[in-house]
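The basis for the numbers below is simple: all heavy atoms, side chains too, and nothing from hydrogens, waters or symmetry mates. A note on names: the letters A, B, ... follow the listed sequences, proteins ahead of strands, and every chain is numbered from 1.
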There are 4 protein chains.
Amino acid sequence: MPRPIDPTLRRARRLQIIDAGLTAFARHGYAGATTAQICRIAGVGSGTFFHHFPTKNALLVAILELGAEETRDFFASQDQATPPREVLLGYVDHAVADLTDPRAASFITMVGGLTSNADIRAALQADEGTTRSRVRDVVTAAQRQRQIRADMTPDRLTVWIMLLIDGFASRVAGGDFDAGAEAPLLREQVELLLDGPPAPDLTP
Amino acid sequence: MPRPIDPTLRRARRLQIIDAGLTAFARHGYAGATTAQICRIAGVGSGTFFHHFPTKNALLVAILELGAEETRDFFASQDQATPPREVLLGYVDHAVADLTDPRAASFITMVGGLTSNADIRAALQADEGTTRSRVRDVVTAAQRQRQIRADMTPDRLTVWIMLLIDGFASRVAGGDFDAGAEAPLLREQVELLLDGPPAPDLTP
Amino acid sequence: MPRPIDPTLRRARRLQIIDAGLTAFARHGYAGATTAQICRIAGVGSGTFFHHFPTKNALLVAILELGAEETRDFFASQDQATPPREVLLGYVDHAVADLTDPRAASFITMVGGLTSNADIRAALQADEGTTRSRVRDVVTAAQRQRQIRADMTPDRLTVWIMLLIDGFASRVAGGDFDAGAEAPLLREQVELLLDGPPAPDLTP
Amino acid sequence: MPRPIDPTLRRARRLQIIDAGLTAFARHGYAGATTAQICRIAGVGSGTFFHHFPTKNALLVAILELGAEETRDFFASQDQATPPREVLLGYVDHAVADLTDPRAASFITMVGGLTSNADIRAALQADEGTTRSRVRDVVTAAQRQRQIRADMTPDRLTVWIMLLIDGFASRVAGGDFDAGAEAPLLREQVELLLDGPPAPDLTP
DNA sequence: CATGAATGAGGGTTCATTCAT
DNA sequence: TATGAATGAACCCTCATTCAT
């Protein structure tokens with residue numbers, strides 16, 4: 001007899017473990033988090049963990065991929081008619097919304113420091129690459145429509161937008177910051193970046 | 001037998017190990033770096049390591065304290081006559097200069113994700129506190145002298161300055177960034193922050 | 001609900017798993033082979049495996065018993081009229097024929113090193129005992145009929161015959177040997193054993 | 001201050017662990033023996049084990065290499081004047097002497113069944129190769145001096161000598177055999193092999 | 001003071017076995 | 001009956017730390 005196994009259940013277990021991993025990684029860093037902790041948080045046995053993820057590494061990669069997917073979804077769901085500048089600011093809001101979960105902030109911050117392992121590095125770059133290429137496309141469009149400054153390459157502007165978000169995440173992770181309350185200032189800061197410094201007053 | 005040990009030598013060994021620790025922590029994260037690696041990099045035996053630092057923890061704390069001391073030195077060496085606004089921008093430059101060492105960038109980024117251990121957390125907060133109180137004092141002075149915007153509390157402005165530096169560090173650590181080349185834009189962005197958005201054009 | 005299960009089918013499944021076990025045990029040794037490997041080779045799920053064998057141990061025992069049964073069958077099928085010496089040499093040929101399957105050679109070799117587990121040891125001894133008692137009976141008969149040397153006890157001769165077969169298996173397992181090509185030499189060697197060294201030439 | 005560490009001590013510890021490994025491997029097979037058992041037998045902590053051998057694999061390899069070295073030593077210490085035939089029989093005696101230690105017999109038997117791991121396989125082949133090349137050289141010399149049969153290639157004769165020793169080991173390991181008591185018969189059987197079957201009696 | 005051998009708790013991972021479907 | 005998800009004991013190995021030399 002074949003197996004009437006509900007794939008939804010499997011998916012759910014996977015997400016349960018992914019969520020636990022997010023918590024543990026955010027709390028203790030990657031190397032500092034133990035699979036035992038993750039299992040305890042997820043409420044599963046160690047065997048179950050490795051039934052779903054071949055290694056601890058793979059769990060991290062899965063988390064990153066989930067994040068990349070979310071990013072892709074965000075950009076895919078944007079109305080083509082929305083002005084690119086609005087899309088960029090919308091992305092910032094979207095990112096901030098994620099950072100409302102302090103675990104996400106810590107996770108993002110700690111993930112930045114991961115360089116030792118090869119396949120983690122690869123996954124990180126893939127994740128970054130996803131975001132960056134999406135953002136850069138919108139930046140390029142916005143420049144073409146003269147909605148933002150044109151004196152910086154799209155790539156550079158993209159990196160700076162991500163810089164602001166990273167810095168924001170870092171502060172949220174540090175706990176000296178309420179993501180919600182500071183969101184408007186982040187938006188403002190991004191707009192200042194997109195507009196560039198005001199032209200010097202040349203009135204005689 | 002007396003100990004004619006040259007305290008200079010001892011200090012040198014200490015710094016040698018501290019430097020190795022910086023390298024290893026930056027490369028593998030705190031938990032990921034092993035004392036064996038650190039010893040190898042420093043060129044000392046494990047026994048020597050534990051002669052100078054009772055604990056791996058203690059090494060991290062020492063590195064943080066060294067950083068805090070540098071920060072104190074920076075502010076202590078400032079000419080009282082320098083306008084506070086200039087001091088702030090000078091601090092940003094100072095921070096960027098540190099980040100030219102990619103190890104420093106990685107270290108700072110990864111240190112942000114450390115929350116599990118009690119005495120590390122304490123050392124981190126002490127380090128942060130040092131910087132923050134120094135910066136806040138200067139911010140306060142600058143506001144009093146109307147050199148920067150006054151619509152944000154000194155604390156909030158301080159955090160945001162540090163946010164920009166953290167974001168910068170994160171991007172340097174990520175490798176998509178040349179600290180030297182991007183420094184001017186960081187300065188510009190800090191100035192935009194300090195000035196606030198330009199008043200809307202009210203000319204009739 | 002009745003169980004109209006075809007016992008033939010069940011027997012087939014059993015053999016399928018037994019065959020997979022032979023392969024896996026030969027390839028990785030008993031402890032080194034995993035039930036997962038065996039299941040994969042047999043093309044069944046782990047649940048099915050444990051439906052047929054309560055234990056990995058039990059599978060090994062079953063394989064051994066199958067071998068013992070084959071041995072019993074061989075001797076049972078011998079024509080009573082055949083001279084015992086011929087039966088012995090026939091048994092050697094029979095054993096070599098089995099060893100043409102390199103899995104069998106590896107299996108036999110590795111099984112020799114199994115001493116830790118109690119019920120495995122018991123099964124091994126039972127298997128051995130079967131062969132040994134059958135061979136010994138024939139040896140005894142051959143001695144009585146003066147077809148082979150009489151200066152060794154039947155038991156000792158039996159062990160030495162098995163020694164030659166074991167050594168042969170070991171070399172086949174090692175891969176430096178083609179069972180078919182070397183079979184005649186094994187036969188010759190057994191005959192030398194059965195005859196003993198030639199009487200010294202006493203001719204004046 | 002440098003280290004006055006006695007390298008003899010290190011060597012002794014190594015041998016202590018090697019001996020424990022021999023015991024454990026012989027008793028439970030390679031995969032079946034646990035590093036914990038080995039440590040217990042050797043009377044050292046697990047850390048010490050891995051201080052001396054990077055892996056369990058490496059321990060097995062070390063044991064094999066020790067054996068190969070012994071074999072080399074045996075042949076190196078042979079007087080050049082000894083007739084090659086005597087050297088061969090001397091080697092057989094030497095091998096039997098080793099097999100007096102039942103652990104050695106079990107170890108040799110179980111090692112024959114190891115094929116899964118790459119570097120173990122390599123070490124095994126190196127070990128085998130050592131013995132085989134030494135034996136073959138002597139066989140060749142003996143043939144040249146017409147001390148043994150010439151109707152088999154040196155390689156083939158070599159393999160058959162090793163076959164007899166392997167079979168002997170297997171029976172010692174099985175416990176149905178006293179190595180010392182059976183040694184003469186092994187010698188006899190080897191001689192039968194070296195001489196070949198007696199020429200058929202052609203006297204009319 | 002410097003060294004590295006020794007330690008053992010703990011970490012990631014494997015695997016025989018159970019059981020709901 | 002057949003399946004494979006779930007389990008946790010046990011495994012191999014790592015690593016911070018201790019201590020005799």
Side-chain angles (χ1 to χ4, degrees), chain A residues 1-7 9-10 13-14 31-39 43-59, chain B residues 1 3-6 9-10 13 31-39 44-59, chain C residues 1 3-6 9-10 13 31-39 44-59, chain D residues 1-7 9-10 13-14 31-39 43-59:
Chain A
M1 229 164 298
R3 54 231 119 108
I5 302 295
D6 189 351
L9 233 71
R10 201 179 158 74
R13 262 282 198 282
R14 224 184 115 85
T34 72
T35 55
Q37 282 166 3
I38 296 169
C39 291
V44 302
S46 66
T48 306
F49 178 97
F50 287 98
H51 195 58
H52 288 266
F53 299 94
T55 57
K56 193 172 101 167
N57 250 349
L59 173 59
Chain B
M1 231 174 299
R3 281 174 274 149
I5 300 306
D6 188 349
L9 231 75
R10 192 174 166 74
R13 264 279 201 283
T34 70
T35 56
Q37 282 166 4
I38 297 169
C39 291
V44 302
S46 65
T48 307
F49 179 96
F50 285 96
H51 261 299
H52 288 267
F53 300 94
T55 280
K56 192 171 106 167
N57 252 348
L59 173 60
Chain C
M1 230 174 300
R3 283 175 271 148
I5 301 305
D6 186 350
L9 232 74
R10 191 172 169 76
R13 264 281 201 281
T34 70
T35 55
Q37 282 166 3
I38 297 168
C39 291
V44 302
S46 64
T48 306
F49 178 96
F50 286 96
H51 260 299
H52 289 267
F53 300 94
T55 279
K56 192 170 107 168
N57 252 348
L59 172 61
Chain D
M1 228 162 299
R3 54 231 120 105
I5 302 295
D6 189 352
L9 233 72
R10 200 177 158 75
R13 263 280 198 282
R14 224 184 114 85
T34 72
T35 56
Q37 282 166 3
I38 297 169
C39 290
V44 301
S46 67
T48 305
F49 178 97
F50 288 99
H51 195 59
H52 288 266
F53 299 94
T55 56
K56 193 171 103 167
N57 250 350
L59 173 60

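Atom CD of C:Q37 and atom P of E:dC15 are 7 Å apart (whole Å). Between D:L9 atom CG and F:dA20 atom C1' the separation is 11 Å, expressed in whole Å. Between the CG atom of A:N57 and the C1' atom of E:dG12 there is a distance of 11 Å, rounded to whole Å. Atoms CZ (D:R14) and C1' (E:dA6) sit 17 Å apart, rounded to a whole Å.
Within 4.0 Å (heavy atoms only), C:R13 reaches sugar-phosphate atoms of the nucleic acid but no base atom. At the heavy-atom level, D:A33 lies under 4.0 Å from the strands shown only through sugar-phosphate atoms.
A donor-acceptor contact shorter than 3.5 Å is absent between the side chain of B:T55 and the backbone of B:A58.
Taking every side-chain heavy atom of B:T55 into account, F:dT17 is the closest of F:dC12, F:dT17, E:dC1.
Here the closest non-hydrogen pair linking B:G32 and A:A31 is N-CB, 3.6 Å.
Note that the CD1 atom of D:I38 and the CZ atom of D:F53 stand 9.5 Å from one another [nearest 0.5 Å].
For C:S46, the side chain to side chain contact (heavy atoms under 4.5 Å, CB included) partners are C:C39, not counting sequence neighbours. Among residues two or more places apart in sequence or in another chain, the side chain to side chain contact (heavy atoms under 4.5 Å, CB included) test is passed with D:H52 by D:R10, D:R13, D:R14, D:I17, D:T48.
Closest-nucleotide positions on DNA chain E for C:K56 and D:V44 were compared, and the one nearer the 5' end corresponds to D:V44. Both D:T35 and B:A31 sit near DNA chain F, but only D:T35 has its closest nucleotide nearer the 5' end.
Base pairing in DNA chain F gives the following stems of 3 or more Watson-Crick or G-U pairs, range against range and under 3.5 Å: E:2-21 with F:2-21.
Applying a 4.0 Å cut-off to non-hydrogen atoms, the residues of residues 45-54 of chain B that approach DNA chain E are B:G45, B:S46, B:G47, B:T48, B:H51, B:H52, listed by residue number.
Dashed line: the shortest gap from a side-chain N or O of C:T34 to OP1 or OP2 of E:dC15 is not under 4.0 Å.
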